[in-house]
Each structure stands twice: as structure tokens, then as C-alpha cells.
Amino acid sequence: MDGAAAELSKIVREGPFTDIFLALQARNVFQVLGQHADRVNSSSFAPAFGMFQSQASDAFILAITRLLEREREHYPLQSVHGALCFLARNAAKIPVSEPVFLEQSMQRMGYAEIPSSDLERQTHAVVEILISRLPHHSENRALEVLKTLRDKRIAHPERVKVESLPATTWQDAESLLKIPTEALAILGGYTSDAYVDSTGRLLMETDAKVASIATVRLMREVGIVSESSAQSGR
């Protein structure tokens, strides 16, 4: 692999792949701490684990908002949108190497057929579909909330009351990963990288749990959780 295809692979690895991994990792750490919140809060280690949970929340917000940032002219990004725009601009130079990845992903999104007589035309059609399905903060409440939290609390600590900032549920926030996951699967079809299995499940999920498993082990070592509850937390 060289030229445009190699550059696309680098963009995908350093951008969408990494941010999806970081989002999953942060979610897992946050959730496992929440599962043992009562015991954590009653321990002398509460300040440290509270910091871990706060950092996990911020890491999730930053990863998701980076992932879904829209590329603008003269400002190339490593977001999903940026990777798709790069693929579209270089469609003639980057042939699909694993067409089955495209077919499986498009079927999961409800598209029975995509143009196939002209591979370059097919690429543009697939990119157009993915971009049209990507969440946008002006139309998606969960993304709007995460973007507001990033802008007003994390990136620019404005003088506002935390309780006045909008909120969303973890379920709605996690749903923002659905289309980026399909985009990652399709981009892998152009870089010969398998990022999901045939059902659309991310292959990185197991690795993304390692930090949360280590967190449970740490809580066990300092006596916050017992062996049995530590096992259930895994």
C-alpha cells in the first residue's frame, strides 16, 4: 500500500479508529466505577476514583466530538467526515480492496444495492450515504449536548453554573457511535483492515475493556470491592 491509500490508512488509524477506541474505553471505566459508586464514595480513596470517573467522562466527550467534527475547506481533519472527504477526493487512486466490507455495512444500514458498475462512482455514492447519515449537532440532541459540554466546560471553562449546562443519557450518547462504526468498517474495505466482524461488532471492544478491568482490580487491591464483586465487575 502506498500513496493515497497509505495516507487514508494513516488517517483512519490515527483518527476514527483511535477515537472510537478511546470513547469505548472511557465509557467502560466510567460505568465500572458507577457500578461500585457507594463503596467507592465511602472509602478513603473516593477523591482519586472520583477523578478517574471525571477524566473518563471528559475523555468520552472529547473523543466523540473529535470523531464527529466536520471538515471545512483548508482545515483537513482526522474525523470520520475528514476521512470520508479524503476518500472521495482520491476515489480514483484508492480502489476498494475488500468489497464485502462495503456490502455488509450497507446492508446493515438498510441499503440493498449500491452502484457497482463504476468503482469510482460507487465510492462517491457510499461516501455520500455515510456523510448524510453522520450525526450533526444541529439535528442531534445528544451531540449538541456533548459539543456544548466540550466548548463551555472542557475546552473553554466559561463562567457558567454546571447545573445550567444541558445533559444527555449515556444510551443516547453511545448511539452516536453507530454510523461512525459503519464508516470505519467501510473505510477498512479500502485499506484492507477489518475493524468489525460480519455482524458489525467492533473487534476492538475486548481491548477497550482492559482499562476498566484494571480499574476493578485496583479497587479490589485497596479493599473497595471483594473478589466476588470484582469478578462481576469484569
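Values below: all heavy atoms of this structure, side chains included; hydrogens, waters and symmetry mates excluded.
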**Prompt:** Can you check side chain to side chain contact (heavy atoms under 4.5 Å, CB included) on Lys147 and Ile61, steps first, answer last?
**Reply:** CA-CA 8 Å; Lys147 186 176 183 298; Ile61 291 169; over 6 Å; no
**Request:** Quick one: closest heavy-atom pair of Asn140 and Pro135, and the distance?
**Result:** ND2-CB, 4.1 Å
**Message:** Give me each pair satisfying side-chain hydrogen bond (donor to acceptor under 3.5 Å, both in side chains) with a member in residues 82-96, each pair once, sequence neighbours excluded.
**Reply:** Glu71-Arg89
**Atom CD of Glu14: over 12 foreign heavy atoms under 6.0 Å** = yes
**Fill in**
Interatomic distance, CE@Met109 vs CD@Gln104, rounded to 0.5 Å, equals 12.0 Å
**side chain to side chain donor-acceptor pair (under 3.5 Å) partners of His124, counting only residues at least two apart** = none
**Salt bridge Glu205-Arg201, side-chain N to carboxylate O under 4.0 Å** = yes
**Asked** Under a 4.5 Å cut-off applied to non-hydrogen side-chain atoms, are Met204 and Phe17 in contact?
**Response** yes
**Pairing of Asp58 and Arg150 as salt bridge, 4.0 angstrom limit** = no
**Prompt:** With no hydrogens and no angle check, is any side-chain donor or acceptor of Asn28 less than 3.5 Å from a backbone partner on Ala208?
**Reply:** yes
**Message:** If we count only N and O atoms by modelled type, under 3.5 Å, do the side chains of Thr169 and Asp172 hold a donor and an acceptor together?
**Reply:** yes
**Message:** Can you pull out every side-chain hydrogen bond (donor to acceptor under 3.5 Å, both in side chains) where at least one residue sits in residues 40-49? Sequence neighbours excluded, please.
**Reply:** none
**Message:** Within this structure, what is the CD1-CG distance for the pair Ile94 and Leu187, rounded to the nearest 0.5 Å?
**Reply:** 9.5 Å
**Item:** Side-chain heavy-atom pair Arg13, Thr18 within 4.5 angstrom cut-off
**Value:** no
**Asked** Taking all atoms of both residues into account, what is the closest heavy-atom pair of His36 and Val225, and its distance?
**Response** ND1-CG1, 3.3 Å
**Asked** Where is the tightest heavy-atom contact between Leu67 and Pro16, given as atom of each residue plus distance?
**Response** CD1-CA, 3.6 Å
**Request:** Return each pair, listed once, that meets ring pair (Phe, Tyr, Trp, His ring centres under 6.0 Å) where at least one residue sits in residues 150-180; pairs must be two or more places apart or across chains.
**Result:** Phe30-Trp170, Phe60-Trp170
**Message:** In this structure, would Val210 and Leu203 fall into the same cluster of hydrophobic residues linked by side-chain contacts under 4.5 Å?
**Reply:** no
**Prompt:** Under 4.5 Å between any side-chain heavy atoms of Gln53 and Val29, yes or no?
**Reply:** no
**Prompt:** According to a 4.5 Å side-chain heavy-atom criterion applied to Ile, Leu, Val, Met, Phe, Trp and Tyr, with indirect links allowed, do Val80 and Phe101 form part of one hydrophobic cluster?
**Reply:** no
**Prompt:** Looking at CZ of Phe45 and CE of Met51, how far apart are the two atoms once the value is rounded to the nearest 0.5 Å?
**Reply:** 13.5 Å
**Prompt:** Are Leu77 and Ile186 connected, step by step, through hydrophobic side chains (Ile, Leu, Val, Met, Phe, Trp, Tyr) whose heavy atoms are closer than 4.5 Å?
**Reply:** no
**Request:** Hey, could you give me the CD1/OG1 distance between Ile213 and Thr206, rounded to the nearest 0.5 Å?
**Result:** 8.5 Å
**CA sep, side-chain torsions, deciding dist, call: Leu202, Thr181, side chain to side chain contact (heavy atoms under 4.5 Å, CB included)** = CA-CA 7 Å; Leu202 283 160; Thr181 295; 3.7 Å; yes
**Prompt:** Can you name the closest pair of heavy atoms from Ala167 and Arg141 and give their distance?
**Reply:** O-NH2, 4.1 Å
**Residue pairs fulfilling salt bridge (Lys or Arg N to Asp or Glu O under 4.0 Å) with at least one residue in residues 174-189, sequence neighbours excluded** = Arg27-Glu174, Arg108-Glu182
**Asked** Yes or no on side chain to side chain contact (heavy atoms under 4.5 Å, CB included) for Glu7 and Ile11, after CA distance, side-chain angles and deciding distance?
**Response** CA-CA 6 Å; Glu7 180 64 18; Ile11 291 170; 4.0 Å; yes
**Message:** Could you tell me if Thr123 and Tyr190 have a donor-acceptor pair between their side chains, going purely by distance under 3.5 Å?
**Reply:** yes
**Pairs meeting criterion side-chain hydrogen bond (donor to acceptor under 3.5 Å, both in side chains) with involvement of residues 73-87, two or more places apart** = none
**Prompt:** Any side-chain heavy atom of Leu177 sitting closer than 4.5 Å to one from Leu24?
**Reply:** yes
**Request:** May I ask you to decide if Thr191's main-chain N or O and Ser9's side chain share a donor-acceptor pair within less than 3.5 Å?
**Result:** no
**Prompt:** Taking side chain as C-beta onward, heavy atoms only, is Tyr195 less than 4.5 Å from Val12?
**Reply:** yes
**Message:** Test side chain to side chain contact (heavy atoms under 4.5 Å, CB included) on Leu102 and Gln122; report intermediate values, then the result.
**Reply:** CA-CA 10 Å; Leu102 273 67; Gln122 179 188 68; 4.0 Å; yes
**Message:** Between Thr148 (side chain only) and Glu144 (backbone N and O only), is there a donor and an acceptor less than 3.5 Å apart?
**Reply:** yes
**Asked** Just how far is it from atom NE2 of His137 to atom CG of Leu68, taken to the nearest 0.5 Å?
**Response** 10.5 Å
**Request:** Work out which heavy atom in Ala59 is nearest to a heavy atom in Ala26; give both atom names and the distance.
**Result:** CB-CB, 4.0 Å
**Asked** Rounded to the nearest 0.5 Å, how far does CD1 of Ile129 lie from CG of Leu134?
**Response** 12.0 Å
**Asked** Between Ser54 (side chain) and Gly50 (backbone), is there a donor-acceptor pair under 3.5 Å?
**Response** no
**Prompt:** Sub-3.5 Å donor-acceptor pair from the side chain of Arg39 to the main-chain atoms of Ile224, do we have one?
**Reply:** yes
